[in-house]
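Let me begin by presenting the structure, written as structure tokens, before commenting on it.
Naming convention: chains lettered A, B, ... in sequence-line order (proteins, then strands); numbering from 1 in each chain. Side chains are part of it too, since the values below use all heavy atoms of this structure and drop only hydrogens, waters and symmetry mates. Predicted model only: the values in this text are computed from it and were never measured.
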Amino acid sequence: MENEPDLKADLFIDISDEVCPMSFVKTKLALDKIESGQVLELICQAGDSVKNISIQLKDEGHLIKGVKRESEDIFRIKILKDGL
Amino acid sequence: MSGTKNGKKLRITVDHNLDETVIKKIAVDAEVAGKDAKGKIDFAGLRAGGFIKQRQKDKFTVRLNCPGGRMTIEKLKTVAKAAEKFGDKFVHFSVRQSLEIPTVDYHDFNELTDMLGSVEQKIASCGPRVRVPTACGGCEYNPNGIVDTQSMAQTITDMFFGRRTPHKFKISLSACPHDCIHSTGTDLGLQGAIFPKWDVEKCTGCTICSSACTEDAIESDKKTGQPIFDASQCIYCDDCVRACPTMAWEAEERGYMVRVGGHGGRHPAFGTAVANFLSDDETLKVIDGTITWYQQKGESHGRIRLGNLLLKEGMMASYMEMLKATIGDAKLEKNPALPRLIVTNPKGEKKNGK
């Protein structure tokens with residue numbers, strides 16, 4: 001059920017070992033490294049991590065373009081910087 | 001000790017439980033206990049309490065009116081100066097978010113209140129009346145916040161603070177179901193709540209909502225990833241709405257859940273939910289109606305908390321009738337539970353139901 005499977009990522013991070021707040025801090029630092037309109041792809045834990053990352057990205061004006069559930073515990077997300 | 005104008009001897013204490021009409025009759029001259037008081041002590045101004053007698057002779061703790069625990073920097077600077085001048089070497093944050101200046105000599109009340117008045121900092125209350133509401137940070141900057149508890153706390157203070165009630169009457173506001181302010185344990189507790197609705201057209205089946213929901217209210221369909229919503233498990237928290245990347249989840253209803261009858265103290269109780277998703281206007285009507293109902297029904301029961309009054313026969317039904325007359329019954333709980341007393345004595349249950 002991955003949407004936008006062809007969307008190419010400009011940067012990739014794996015934060016599946018991180019918990020709040022470092023999961024979001026690392027996401028933010030990664031977003032700082034790319035330009036508006038570029039895509040960050042990340043891997044994070046299900047549950048609180050994916051919930052908080054999704055909520056905070058929306059609050060800050062980024063668009064989640066692609067979501068793939070890799071397993072019960074892991075999400076793979078593509079984020080369009082400043083896409084909202 | 002001091003004399004009044006009519007010559008009767010009166011012990012000068014700031015009795016927060018005195019009826020306002022009684023307090024107004026007491027005109028107290030400046031000479032208190034033979035000392036040089038600075039101006040007349042305005043007992044009418046003290047009618048809402050907020051000056052709490054300490055162990056130490058002549059010393060009072062002055063409780064400041066801080067709705068929702070918020071204070072502007074401007075006020076804080078003046079409060080710091082006032083505390084330095086009239087108090088001891090510290091201030092105390094009360095358990096209900098009021099900043100307190102301990103160890104103030106009661107001869108200094110006027111000067112202190114004048115100084116605080118210069119920045120419109122008011123005194124709080126104690127005794128049997130509507131207290132200053134407590135509140136969390138609200139939705140202004142807290143990402144979990146569903147409602148603006150801070151502005152509501154201020155409005156509630158402006159409209160209801162100081163009204164006489166049979167016993168103390170506390171209001172608290174949480175902006176979301178985390179309920180950090182313990183609205184369940186307050187006479188009237190308000191909590192932000194939303195009811196979610198889902199739009200199939202916008203859903204991509206990403207399953208983030210079911211992962212975000214910690215209440216088992218959302219499962220994802222194994223084939224499509226689309227949510228299967230169980231409203232009976234939902235606690236109205238907004239997580240699904242906020243986490244959904246495509247805005248497929250939206251708030252169908254948003255407002256305050258109202259709980260009544262909770263309280264702390266020697267015989268604490270959990271409040272019970274009586275209404276959901278009330279607008280600010282409906283919420284204020286419910287508060288007004290609740291205070292009036294409490295005053296009327298509690299009158300013959302002496303010093304009784306709202307929760308204990310609601311436990312008396314027929315009272316919950318009477319209260320719900322009042323709510324129905326106030327805001328209609330569409331948003332009311334159909335069969336609300338009674339407030340639940342918590343047994344605190346280790347030997348067993350209290351007989352008197354207090």
With rounding to the nearest 0.5 Å, note down the distance linking OG in B:S211 to CZ in A:R69. 4.5 Å
Residues, nucleotides or ligands: over 12 heavy atoms within 6.0 Å of B:K75 NZ: yes
Take atom CZ of A:F12 as the centre, draw a 6.0 Å sphere, and report whether it contains more than 12 heavy atoms from other residues, nucleotides or ligands. yes
Mind listing the closest non-hydrogen atom pair of A:K58 and B:P245 along with its distance? CD-CA, 4.4 Å
With only heavy atoms counted, which part of A:L84 is less than 4.5 Å from chain B, the side chain, the backbone, both or neither? side chain
Has B:D158 got more than 12 heavy atoms of other residues, nucleotides or ligands less than 6.0 Å from its CG? yes
Do other residues, nucleotides or ligands put more than 12 heavy atoms under 6.0 Å from the CZ atom of B:F160? yes
Nearest heavy atoms of A:F75 and B:C206, plus distance in Å: CE2-O, 3.4 Å
Greater than 12 external heavy atoms within 6.0 Å of B:E252's CD: yes
Distance from A:E72 atom CD to B:T207 atom OG1, nearest 0.5 Å? 8.5 Å
A:Q38, CD: over 12 other non-hydrogen atoms inside 6.0 angstrom: yes
Nearest non-hydrogen partners of A:K51 and B:A212, listed with the distance: CD-O, 3.4 Å
When you look at CZ of B:R340, are more than 12 heavy atoms from neighbouring residues, nucleotides or ligands closer to it than 6.0 Å? no
I need the A:D48 CG to B:D239 CG distance, nearest 0.5 Å. 8.5 Å
Under the side-chain contact (heavy atoms from CB on, under 4.5 Å) criterion, do B:I208 and A:V67 qualify, and how do the steps go? CA-CA 8 Å; B:I208 283 182; A:V67 180; 4.0 Å; yes
So, taking the atom named CD1 in A:I55 and the one named CG in B:D238, what distance separates them when rounded to the nearest 0.5 Å? 8.0 Å
